[in-house]
Structures are given as structure tokens and as C-alpha cells.
Amino acid sequence: MKSQPYERVIYDKNPLIEVICQVRFPTVLRIANQGAFEFQEKIQSDYPFCQKLESSSNNICNFIFRSENSKWQVSLTENTLALSTLEYEKYEDFREKFVDLTKLLETTYTIPFYVRVGLRYRDLILRSELNIQDEPWLELIDESLILELKNPYLSDKIESINKSIEIKIDSSAKLRFNHGIVTAQDPEQMKEEEEAYLLDYDFYVEGKVSKNEVFNRIDQFKEEAGTRFRYSITQKLHDAMSPRPI
């Protein structure tokens with residue numbers, strides 16, 4: 001049964017720690033043999049810092065381009081293009097940046113079609129950031145995800161939970177949903193480590209995807225991600241993150 005979508009909101013206390021969008025395409029030997037010089041020149045004003053990483057296991061070069069504040073990163077290899085950010089605010093802004101990058105890819109190189117399209121959202125719930133330190137996870141995360149915590153013989157002894165579920169979205173798209181209790185630290189606040197809850201939604205489709213179909217898929221994944229996040233949390237956690245309508 002298809003889940004009913006929730007009303008879109010922006011959280012003033014945003015739990016997102018990273019958003020990644022990636023497309024994979026048939027190998028372009030021009031990138032492998034000549035590097036990413038042309039591509040770099042066209043994005044250098046937005047992503048001025050460049051790093052070349054070489055993999056010893058598969059001999060593939062990964063060209064990394066970072067924004068001035070290092071919050072945005074573009075990755076280009078001979079068969080993948082990805083955009084990731086640590087300061088995601090609104091889907092439309094993120095989408096526009098990736099549209100520009102894929103257009104640039106297609107005008108710089110010959111890309112006949114794509115063979116994988118993915119969109120990933122990683123949320124980390126830190127109770128201290130939301131002033132709900134004393135709230136148990138059963139009051140914040142949908143209990144269907146953490147039934148172990150309802151077991152009186154286990155609940156006070158559990159130190160971590162790590163679950164991975166593969167979910168069919170449609171005939172060709174899937175979601176790899178990783179979630180659980182982890183130990184984390186806010187790198188900007190430099191606070192002590194604390195128990196946190198990770199919600200990691202990795203949507204993807206594999207097989208031939210036409211260039212015209214790519215962003216239909218990405219838009220679909222975005223809608224699915226928002227709905228599944230809301231089904232994963234309680235109203236109490238939703239309210240604690242200070243939502244406001246878009």
C-alpha cells in the first residue's frame with residue numbers, strides 16, 4: 001500500500017547531516033585518459049578547490065571539487081557524477097545545482113544514457129540539539145522501527161542498534177534504509193559524544209535510464225524520502241525540530 005504524503009515543511013532545527021545525489025553512466029574514456037580539465041574550468045567559480053584521488057583497487061581517478069566553505073562537493077569519475085552537501089536547506093535549490101551539473105556533463109562529454117540514479121538523505125537525531133535530552137527513543141522514533149526497546153529484558157542493556165532493510169519502491173527502484181542507535185558528536189559544537197539516532201534513506205534505480213527521465217526519478221525519490229522520514233518519527237520529535245510550512 002502506498003504511503004500518503006505529508007505536507008512539506010522546513011525544519012528550523014534540521015537533522016540532515018548530508019544529502020547526496022549521484023548518476024552513473026557508461027564509461028567515458030576521455031575522462032579516464034585526459035582528466036576533468038574542461039569540466040573544472042566551467043565550475044571553478046562555484047567549486048574552486050580541486051583534489052584528485054586515485055584508487056589503487058580499480059585504477060579509477062576521482063576528481064573532487066569543493067565550494068569555498070567546503071559544504072558542497074562535486075565528484076566526477078569516468079562513470080559517475082555526484083553532488084553532496086552538508087548545508088541542505090531546500091530541495092529546489094539542491095535540484096537546480098544538480099541540473100546544472102548534469103547539463104554540463106552532457107554538453108562536455110557524450111553521455112548516451114544513465115545506468116544508475118540515486119538520491120540519499122542522512123538524518124542524525126541529536127537530542128541535546130533539540131532540548132529533549134530526557135525523552136526516550138520510543139517517544140521520538142516510530143516504535144515499529146525499534147521494537148527491541150519495548151523488551152524489558154533488553155531495553156536498558158542496548159548500546160547500539162544497526163538495521164539495514166532493502167525496500168522495493170516500484171518495478172525498478174529500491175530503497176536501502178539503514179537506521180539505528182549510534183554514538184555521535186556535533187563537530188561544530190565540539191560537545192561530548194552522545195547517543196543519537198541515524199535515519200539513512202538511500203534511494204536508487206539501476207538499469208538504463210534516459211536523460212529525460214533522470215529528474216523524474218530524483219523528484220520521485222525526494223517525495224518518497226520526505227514521506228518515509230515523517231513515518232519514521234513521532235509527532236513529538238516532529239514538533240521539537242520546529243517545522244514551518246514551505
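Because the structure is a prediction, the values reported are computed rather than measured.
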For Leu86 and Ser70, which heavy atoms make the closest approach, and how far apart are they? CD1-O, 4.4 Å

Distance (rounded to the nearest 0.5 Å) between Asp142 CG and Arg230 CZ: 10.5 Å

CD1/Ile125 to CD1/Ile181 distance, rounded to the nearest 0.5 angstrom? 12.5 Å

Hey, what do you get for NZ (Lys52) to CD (Gln40), rounding to the nearest 0.5 Å? 11.5 Å

Would Asn178 and Ser164 satisfy side chain to side chain donor-acceptor pair (under 3.5 Å), going step by step from the backbone distance to the final call? CA-CA 4 Å; Asn178 300 304; Ser164 182; 2.7 Å; yes

Just to verify, what does Glu78 make a salt bridge (charged side-chain N to carboxylate O under 4.0 Å, His left out) with, not counting sequence neighbours? none

Tell me, with the steps shown, if Asp219 and Tyr91 meet side chain to side chain donor-acceptor pair (under 3.5 Å). CA-CA 9 Å; Asp219 292 342; Tyr91 173 65; 2.5 Å; yes

Donor-acceptor contacts under 3.5 Å from residues 113-121 side chains, at least two apart:
from: Tyr114; atom 1: OH; to: Glu106; atom 2: OE2; distance (Å): 2.7
from: Arg116; atom 1: NE; to: Glu206; atom 2: OE2; distance (Å): 3.4
from: Arg120; atom 1: NE; to: Asp200; atom 2: OD1; distance (Å): 3.0
from: Arg120; atom 1: NE; to: Asp200; atom 2: OD2; distance (Å): 3.4
from: Arg120; atom 1: NH2; to: Asp200; atom 2: OD2; distance (Å): 2.6
from: Tyr121; atom 1: OH; to: Tyr88; atom 2: OH; distance (Å): 3.0

Suppose clustering is done on Ile, Leu, Val, Met, Phe, Trp and Tyr with side-chain heavy atoms closer than 4.5 Å. Which residues sit in the same group as Ile64? Leu53

Lys163: partners by salt bridge (charged side-chain N to carboxylate O under 4.0 Å, His left out), with sequence neighbours left out: Glu148

Roughly how far, to the nearest 0.5 Å, is the CG atom of Asn151 from the CD1 atom of Ile158? 7.5 Å

Taking the side chain as C-beta and beyond, is there a heavy-atom pair between Ile43 and Asp100 under 4.5 Å? no

Is the closest side-chain donor-acceptor distance between Tyr11 and His238 under 3.5 Å? yes

Which heavy-atom pair separates Ile169 from Lys174 by the least distance, and what is that distance? CG1-C, 3.7 Å

Contact between Thr80 and Asn62 at the side-chain level, heavy atoms closer than 4.5 Å - yes or no? no

Run the salt-bridge test on Arg127 and Glu195 with the 4.0 Å N-O cut-off and return the result as yes or no. yes

Check Ile165 against His179 and note the closest heavy-atom contact, atom names and distance. CD1-NE2, 4.1 Å

Counting only heavy atoms not in Asp134, do more than 12 sit closer than 6.0 Å to its CG atom? no

Holding to salt bridge (charged side-chain N to carboxylate O under 4.0 Å, His left out), I want the full list of residues that pass it with Lys150, two or more places apart in sequence or in another chain. Glu143

How many angstroms lie between atom CG of Leu126 and atom CD1 of Ile17, to the nearest 0.5 angstrom? 8.5 Å

Are any non-hydrogen side-chain atoms of Leu175 and Phe221 less than 4.5 angstrom apart? no

Hydrophobic cluster membership, with links at side-chain heavy-atom distances under 4.5 Å among I/L/V/M/F/W/Y: are Val182 and Tyr201 in one? no

Applying the 4.5 Å side-chain criterion to the ILVMFWY set and letting contacts propagate, would Leu16 and Ile20 be lumped into a single cluster? no

Give the intermediate values and the outcome of side chain to side chain contact (heavy atoms under 4.5 Å, CB included) for residues Trp72 and Asp46. CA-CA 9 Å; Trp72 291 84; Asp46 293 323; over 6 Å; no

Would you give the length of the straight line joining atom NZ of Lys103 to atom CG of Leu101, rounded to the nearest 0.5 angstrom? 11.5 Å

Mark yes when over 12 heavy atoms from residues, nucleotides or ligands other than Gln44 sit less than 6.0 Å from its CD; otherwise mark no. yes

Under the ring pair (Phe, Tyr, Trp, His ring centres under 6.0 Å) rule, what pairs show up with a residue in residues 124-166, not counting sequence neighbours? Trp137-Tyr197

For Ser172, which residues count as a side-chain contact (heavy atoms from CB on, under 4.5 Å) partner, sequence neighbours excluded? Asp170, Val205, Arg217

For the residue pair Ser128 and Gln133, what are the closest heavy atoms and their distance? CA-CG, 3.7 Å

Does some side-chain heavy atom of Ile218 sit less than 4.5 Å from a side-chain heavy atom of Cys21? yes

Is it the case that atom CD in Glu92 sees more than 12 heavy atoms from other parts of the structure closer than 6.0 Å? yes

Could you tell me whether Lys42 atom NZ has more than 12 heavy atoms of other residues or ligands within 6.0 Å of it? yes

Any chance the side chains of Ser210 and Asn212 put a donor and an acceptor closer than 3.5 Å? no

Those residues that, when tested against Glu87, pass salt bridge (charged side-chain N to carboxylate O under 4.0 Å, His left out) (two or more places apart): none

According to a 4.5 Å side-chain heavy-atom criterion applied to Ile, Leu, Val, Met, Phe, Trp and Tyr, with indirect links allowed, do Tyr204 and Leu83 form part of one hydrophobic cluster? no

Using the side-chain contact (heavy atoms from CB on, under 4.5 Å) criterion, which residues pair with Ala82? Sequence neighbours excluded. Gln22, Ser75

Check the pair Ile167 / Arg228 against side chain to side chain contact (heavy atoms under 4.5 Å, CB included), numbers first and verdict last. CA-CA 11 Å; Ile167 301 170; Arg228 290 179 184 275; 4.2 Å; yes

Using every non-hydrogen atom in the two residues, find where Gly35 and Tyr109 come nearest and quote the distance to one decimal. O-OH, 4.0 Å

Check the hydrophobic clustering (I, L, V, M, F, W, Y; side-chain heavy atoms under 4.5 Å; chains of links allowed) and say if Phe229 and Tyr231 are grouped together. no

Can you see which heavy atom on Leu104 is nearest to which on Thr107, and at what distance? O-OG1, 3.1 Å

The complete set of ring pair (Phe, Tyr, Trp, His ring centres under 6.0 Å) pairs with one or both residues in residues 31-71, sequence neighbours excluded, reads none

Shared hydrophobic cluster for Val99 and Phe94 (ILVMFWY, side-chain gaps under 4.5 Å): yes

Result block: side-chain N/O donor-acceptor pairs under 3.5 angstrom for residues 23-31, not counting sequence neighbours:
from: Arg30; atom 1: NH1; to: Thr108; atom 2: O; distance (Å): 3.0
from: Arg30; atom 1: NH2; to: Glu38; atom 2: OE1; distance (Å): 3.1
from: Arg30; atom 1: NH2; to: Glu38; atom 2: OE2; distance (Å): 2.4
from: Arg30; atom 1: NH2; to: Thr108; atom 2: O; distance (Å): 3.3

Atom pairs and distances, side-chain donor-acceptor, residues 239-246, under 3.5 Å, sequence neighbours left out:
from: Asp239; atom 1: OD1; to: Gln235; atom 2: NE2; distance (Å): 2.9
from: Arg244; atom 1: NE; to: Asp12; atom 2: OD1; distance (Å): 2.6
from: Arg244; atom 1: NH2; to: Asp12; atom 2: OD1; distance (Å): 3.4

